[in-house]
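Below is one structure, written out as structure tokens, with a few remarks after it.
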Amino acid sequence: MSALLGLLRKEVYHILRDRRTLTVLVLLPVVQVVLFGYSIRTDVTDVRLAIVDPHPDATTLALRDRFMASGVFRVIAVLPSERALDPLFRTDTVQVAIEFEPSFGERLARGEAAQLLVISDASEPNSGTARQSYVAAVVQQYESERTRTRGGIRIVTEARSRFNPTRASTNLFVPGLMALVLNIISALMTALSLTREKETGTLEALLVSPLRPWQIIVGKVAPYLAIGFVSVLLVLAEAKLVFHVPVRGSVTLLLAEGLLFILVALALGILISARTSSQRVAMMAAMMATMLPTQILSGFIFPLESMPRALQWLSNVVPAKWFVLIARGIMLKGVGLSVLWPQTLALAAMALVLMVAASRSFSARLQ
Amino acid sequence: MRARLPDLPFIRRTLVLARAEVLHVVRDRATLVQIIMLPLVQLLVLSNATTFAIRQTPIWVVDQDRSSVSRGLVSRLGASGYFRVEGASTSPEPANDAMLRGRATMVLTIPADFARELVRSGSDAVHLDVNAEKGSAAGVVQSYAAQIIASYARELDAELHPRVDAPRRGGGRIETVMRAWFNPTLDYKHFMVPGILVALVTMIGTLVTAQNIAREKEMGTIEQLNVTPITKAQFITAKLLPFWVLALFDLALGLLVGKLVFGVPVRGSLLLLFASAGIYLVVALAIGLWISTMVETQQQAMFVTFFLLMIYLLMGGLFTPVDSMPRWVQLLSELNPIRHFAAIMRGILMKGAGLAEIARPLGILTLYAAAMLTLAIRRYRKQTA
């Protein structure tokens with residue numbers, strides 16, 4: 001046991017000695033959460049609109065006014081024909097265009113159907129369809145005011161957004177961001193620890209010491225758990241103070257879950273470290289294992305329900321997925337362990353499996 | 001060999017050093033596999049995950065009316081393909097529980113006497129509770145549901161009051177025809193595959209370069225290189241060239257997979273695409289080089305690279321649109337090379353953009369390449385002096 005304490009002390013000295021790295025480790029998550037908290041949004045606003053109106057008349061002018069006054073659209077160009085549209089779309093100057101058919105007003109007055117063509121840049125389908133529906137809403141509003149039909153059967157939909165009534169992007173993304181940033185930084189902290197000792201040859205010294213493999217693993221992980229916990233505290237404070245994300249559930253539970261999540265990420269790092277022989281390989285492995293999978297498969301940006309079955313299943317091995325669910329659950333829904341126990345159990349199981357795998361693949365190297 | 005080095009002309013000396021780099025990479029199977037196979041695997045797997053499309057969203061129905069009208073409404077929602085009825089109850093408690101546990105994304109509540117009220121007064125309300133914790137999907141889910149409900153109302157209306165005078169009422173109507181350009185099938189993969197490819201080549205190019213020189217520093221072998229007659233320009237070229245070629249190879253491979261597996265369109269010129277990629281990779285590699293001049297160990301190199309890469313990836317419009325960001329972030333993202341290269345890739349592949357249409361981002365990238373390279377080389381000289 002005293003050998004373990006000795007190793008722990010050595011590791012702490014190593015960390016404290018390199019002040020520059022320590023500062024980076026603590027500040028990095030804080031800076032990233034601020035930056036990403038402001039930039040990761042999916043609201044479609046300020047849509048750049050082009051209007052093609054070959055024969056302007058009172059009706060088309062009235063409808064054009066509606067678009068300008070809607071607050072959603074910014075009219076970039078009014079063109080006489082659709083020929084000029086193509087380059088505008090290709091340079092991304094225009095995102096959506098409406099085209100009136102030549103005798104638009106006349107046809108309406110005569111009681112015929114008048115056609116309005118809506119062209120949307122759908123290269124990104126989500127924004128593309130959102131813009132189309134904004135156009136449709138403006139047209140529908142105009143139509144209903146113009147015709148004032150008698151009441152047929154009407155079903156009113158009264159919609160309510162639970163857990164985030166204003167649908168503020170920050171409330172959705174900040175809990176997910178915490179998971180992302182903490183996951184990557186923690187995995188990185190331990191990913192190189194053993195590999196570096198292998199590369200510089202100092203691992204031999206550790207191997208001839210009376211330390212057991214699991215003790216070496218614990219000695220390498222424990223100090224970083226403390227740093228990780230400081231990051232959790234800072235990031236949470238930031239979510240609350242800068243982005244005003246509510247914490248409706250228990251703060252203590254959230255902190256405890258944060259600690260558990262950090263442990264999983266650190267254990268992932270140490271496993272990578274135990275299984276790789278050079279820092280280059282360890283780095284690439286850490287990057288490939290954390291960067292894109294946590295960004296994409298954690299459900300933090302892209303909804304898991306939209307993914308194919310196989311990927312939904314695969315997302316179960318991404319630790320960040322579980323922590324995103326936990327963080328959103330505690331912060332936005334205010335639920336406790338009675339609801340979140342499966343997620344917590346999943347994280348705990350991952351921590352255990354990763355730590356055991358790390359000690360085992362490490363002791364295999366002893367022979 | 002070392003004695004004869006000064007006799008070699010500039011190019012050959014660079015190539016000798018570059019060859020050493022290539023051997024280092026090729027010799028190490030693990031690195032080679034990581035640089036070539038892992039990106040491909042990630043491209044194949046992750047491209048399927050990056051979608052905001054709504055399908056089979058689990059909903060819970062609280063039907064307090066239990067009439068043929070309310071059942072009709074529920075079946076319309078289920079038949080649309082957007083929704084899947086996860087469960088139904090007559091009281092709100094199970095629905096609330098399902099939502100808290102994340103089993104249902106939306107709860108539809110149909111009040112008692114719904115059908116009778118519709119017939120009597122012509123209007124009644126249903127309630128939709130959307131779990132807004134589910135990102136931007138919430139808004140889309142709600143508007144799809146509202147559309148389906150509205151069209152069901154029209155259907156009921158036509159059944160109850162068959163109109164003879166309909167076409168004349170209030171004159172003609174406006175008929176909106178929707179057209180989705182550049183991606184008529186609304187396939188996310190066409191948009192995301194180029195984006196993920198950009199992310200992958202950037203990650204590899206920048207990290208490998210940053211790590212490479214930091215390693216020479218850590219092992220002390222950089223001192224040996226410094227005392228040889230190799231000039232800075234030769235050293236930098238030799239260090240960057242192999243990884244530049246490797247990253248371009250990765251890009252070509254990725255594009256091939258994108259085309260064959262995901263049917264990503266190639267509407268513009270491939271030559272222009274690779275020329276732009278060549279310029280972009282100089283930026284990505286020079287950033288790696290610049291990082292390696294600032295750090296002492298491989299670990300520090302990794303932290304700085306990850307920090308920058310995450311900012312590049314998440315603020316470059318790869319996953320969430322730049323247009324949705326606040327004004328100041330949009331301005332800041334002009335400094336992000338990924339934003340410009342992603343715009344070029346998507347422009348050429350999806351929109352068939354030519355040189356004139358990508359001139360602005362390409363110009364910015366060229367400036368960026370020149371600036372980063374100069375900066376990195378200047379900083380490198382300081383270190384060796």
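To find a chain, count down the sequence lines: A is the first, B the second, and so on, and within it residues start at 1. Worth saying up front: this structure is predicted, and the values here are computed from it rather than measured.
Both the backbone and the side chain of B/Ala49 come within contact range of chain A, each with at least one heavy atom under 4.5 Å from a heavy atom of that chain. Proximity to chain B is limited to the backbone of A/Ser338, based on heavy atoms less than 4.5 angstrom apart. Proximity to chain A (any heavy atom under 4.5 Å) is restricted, for B/Asn212, to the side chain, taken from C-beta onward. If you measure heavy-atom distances from B/Leu309 to chain A, the contacts under 4.5 Å come from both the backbone and the side chain. Only the side chain of B/Gln300 has a heavy atom closer than 4.5 Å to any heavy atom of chain A. For A/Val31, the part sitting under 4.5 Å from any heavy atom of chain B is the side chain, from C-beta outward, and nothing else. Only the side chain of A/Val139 comes within contact range of chain B, with heavy atoms under 4.5 Å apart. Using a 4.5 Å cut-off between heavy atoms, B/Leu200 contacts chain A through its side chain alone, with no backbone atom that close. Looking at A/Thr290, the atoms closer than 4.5 Å to chain B (heavy atoms on both sides) all sit in the side chain, from C-beta outward. For A/Phe104, the part lying under 4.5 angstrom from a heavy atom of chain B is the side chain only. In this structure, the portions of B/Arg101 lying under 4.5 Å from any heavy atom of chain A include both its backbone and its side chain. Only the side chain of B/Val208 has a heavy atom closer than 4.5 Å to any heavy atom of chain A.
For the 3.5 Å distance criterion, the side chains of B/Asp323 and A/Gln95 qualify, holding a donor opposite an acceptor.
Counting heavy-atom pairs closer than 4.5 Å to chain B, the top-ranked of the candidates A/Leu25, A/Val24, A/Val135 is A/Leu25. Interface remark: of the candidates A/Leu117, A/Thr129, A/Asp92, A/Thr195, A/Leu117 forms the most heavy-atom pairs closer than 4.5 Å to chain B. Your options are A/Val47, A/Leu188, A/Leu292, and the one with the most heavy-atom pairs under 4.5 Å with chain B is A/Leu188. Heavy-atom pairs under 4.5 Å with chain A peak, among B/Leu207, B/Leu73, B/Leu38, at B/Leu207. Interface check for chain A: of the options B/Ala353, B/Gly347, B/Pro326, the most heavy-atom pairs under 4.5 Å are formed by B/Pro326. Contact count against chain A (heavy-atom pairs under 4.5 Å) is highest for B/Gln298 among B/Gln298, B/Met350, B/Arg360, B/Gln299. In terms of heavy-atom pairs under 4.5 angstrom with chain B, the leader among A/Ile184, A/Thr59, A/Ile98 is A/Ile184. By number of non-hydrogen pairs under 4.5 angstrom with chain A, the leading residue of B/Gln330, B/Glu117, B/Glu218, B/Met106 is B/Glu218. Ranking B/Leu100, B/Val329, B/Asn48 against chain A, the residue ahead of the rest is B/Leu100, based on heavy-atom pairs under 4.5 Å. Among the candidates B/Asn183, B/Ile204, B/Ile358, B/Asp187, the residue making the largest number of heavy-atom pairs closer than 4.5 Å to chain A is B/Asn183.
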### Message
One pair to check against side chain to side chain contact (heavy atoms under 4.5 Å, CB included): A/Gln279 and B/Arg215. What are the steps and the verdict?
### Response
CA-CA 9 Å; A/Gln279 293 193 58; B/Arg215 178 160 173 267; over 6 Å; no
### Message
For a side chain to side chain contact (heavy atoms under 4.5 Å, CB included) check, start with the C-alpha distance between A/Asp121 and B/Lys351, then their side-chain angles and the critical distance, and finish with the verdict.
### Response
CA-CA 9 Å; A/Asp121 177 350; B/Lys351 303 186 183 177; 2.9 Å; yes
### Message
For a side chain to side chain contact (heavy atoms under 4.5 Å, CB included) check, start with the C-alpha distance between A/Val181 and B/Met310, then their side-chain angles and the critical distance, and finish with the verdict.
### Response
CA-CA 9 Å; A/Val181 169; B/Met310 277 179 75; 4.2 Å; yes
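Across all non-hydrogen atoms, the minimal contact from B/Met315 to A/Ser39 is CG-OG, 3.3 Å. Contact detail for A/Ala286 and B/Phe306: the closest heavy-atom pair is C-CZ, 4.4 Å. Contact detail for B/Phe191 and A/Pro125: the closest heavy-atom pair is CB-CD, 4.5 Å. Across all their heavy atoms, B/Pro321 and A/Glu124 have their closest contact at CG-OE1, 3.9 Å.
Ring geometry for A/Phe89 against B/Trp181 counts as tilted: the plane angle lies between 30° and 60°, on a 0 to 90° scale.
Residues meeting the side chain to side chain donor-acceptor pair (under 3.5 Å) test with B/Thr50, sequence neighbours left out: none.
With values rounded to the nearest 0.5 angstrom, A/Ile301 atom CD1 is found 5.5 Å from B/Leu314 atom CG.
Between the side chain of A/Gln32 and the backbone N or O of B/Phe307 there is at least one donor-acceptor pair closer than 3.5 Å.
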